[in-house]
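Labels below follow one simple rule: chain letters A, B, ... track the order of the sequence lines, proteins then strands, and each chain is numbered from 1.
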Protein chains: 2
Amino acid sequence: MPTTTAAQRREQARVKYDAFIRSCPTNQLLDRLSDKWVSLVVAALSTGPMRYSDLSRRLAGVSPKMLTQTLRSLQRDGILTRTVTPSVPVRVDYELTELGASLALLMTAVKAWAETHIEEVHEARDRYDAETENAGAENAGAGSQK
Amino acid sequence: MPTTTAAQRREQARVKYDAFIRSCPTNQLLDRLSDKWVSLVVAALSTGPMRYSDLSRRLAGVSPKMLTQTLRSLQRDGILTRTVTPSVPVRVDYELTELGASLALLMTAVKAWAETHIEEVHEARDRYDAETENAGAENAGAGSQK
DNA sequence: CTGGATCCTCCTAGATACTG
DNA sequence: CAGTATCTAGGAGGATCCAG
């Protein structure tokens, strides 16, 4: 028995790889885009600035916590600006920066790809599910997909 | 007190919104891309087919479970093909489909954006952190970011 | 060699309640 | 109006053992 097991070696590799991955710009961006609310916020703001409560209504179902959290991280990354107007009820406006607008453009490209190829994906899924039904012959309902 | 509280109304909205979001192709794609290993697998396979163990070595630190899970979902979506060669030790090859290659192309675009703008993001982050240090004047270490 | 099945542990989204 | 503070449940990811 060696002093380092396979699992230990893999774990060391994992740590190193993790650092590598995290330093990769592409991965950082992907992580950001993948956030459920980020794309929605960016999309909502792409038509112009909005107030907090506007966003809250537009993104129905978002909890104040998540909305704030999302907005903060995007602000930190320079995707949008937060402007406080100290009127009697406080008023806060959020607006995309140039960088944010550029990101919105990229998301348009992603959207285009998705809409072009989503049908192929669905067909592939149906084919795959049909095949595995033959092989597996157990769980008929293709209910869960994540 | 009305029969539906604010929270209840928001929850109803959440369910509806959730269904809407899930049916959105862009979101489905984003969900897929966001997976930590998906982009790496696609990138690895973009240079040619690979065996399971090759991938396992290439993506250092991935557990067999996650690798298999990732490969399965990509196979289901028609991104790659899985070819079993029933030799004495079984041999399995994974290879990108046309759809997968097209996806790799999209990821190149994403990568380009990321590399072009990552510096702006980092600058924005530094600025933001510097400002909040003044305001907050509490937690100095900017350690956690997700 | 290539995984399937199981258990277990974090981590985070979200609900809830409260404040300037 | 625009958030903050706190708590908890659920799920993703990993370790481990086992099988074809």
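Spacing between atom OH of A:Y17 and atom P of D:dG13 amounts to 16 Å, rounded to whole angstrom units. In this structure, CG of B:D18 is placed 13 Å from P of D:dG11, rounded to the nearest angstrom. The distance from atom CG of A:D93 to atom C1' of D:dC1 is 12 Å, rounded to the nearest whole Å. At whole-Å resolution of the value, CZ in A:R91 and C1' in D:dG3 are 16 Å apart. The CG atom of B:D31 sits 13 Å away from the C1' atom of D:dA12 (whole-angstrom rounding). Atom CH2 in A:W37 sits roughly 15 Å away from atom C1' in C:dT12 (whole-Å rounding). Protein atom CE of A:M66 is 17 Å distant from nucleotide atom C1' of D:dA2, rounded to whole Å.
The main-chain N or O of A:S56 is never found under 3.5 Å from a side-chain atom of A:S53 such that the two would form a donor-acceptor pair. Between the side chain of A:S87 and the main chain of A:P89, a donor-acceptor pair closer than 3.5 Å is present.
B:W37 meets the ring pair (Phe, Tyr, Trp, His ring centres under 6.0 Å) test with no other residue; sequence neighbours excluded.
Cluster annotation: B:L71 is connected to B:V90 through the hydrophobic network of ILVMFWY side chains, with a link wherever side-chain heavy atoms come within less than 4.5 Å. Tracing side-chain contacts under 4.5 Å through hydrophobic residues (I, L, V, M, F, W, Y), one never reaches B:L103 starting from A:I118; they form parts of separate clusters.
The A:R51 side chain lies nearest to D:dA2 when the options are C:dA15, C:dT2, D:dA2.
A salt bridge links B:D93 with B:R91; the closest basic N to acidic carboxylate O contact falls under 4.0 Å.
OP1 and OP2 of D:dA2 both lie 4.0 Å or more from every side-chain N or O belonging to A:S56.
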Using nucleotides 3-7 of chain C, report all nitrogen or oxygen pairs with the protein that are shorter than 3.5 Å.
from, atom 1, to, atom 2, distance (Å)
C:dG3, OP1, B:R72, NH2, 2.9
C:dG3, OP1, B:R82, NE, 3.0
C:dG3, OP1, B:R82, NH2, 2.3
C:dG3, OP2, B:Y94, OH, 2.5
C:dG4, OP1, B:R72, NH1, 2.4
C:dG4, OP2, B:R72, NH1, 3.4

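Nearest-nucleotide positions on DNA chain D place A:S53 closer to the 5' end than the other of A:S53 and A:R14. Along DNA chain C, the nucleotide nearest to A:K36 and the one nearest to A:V90 differ in position, and the one closer to the 5' end is contacted by A:K36.
No side-chain heavy atom of B:L33 sits less than 4.5 Å from a side-chain heavy atom of A:S34.
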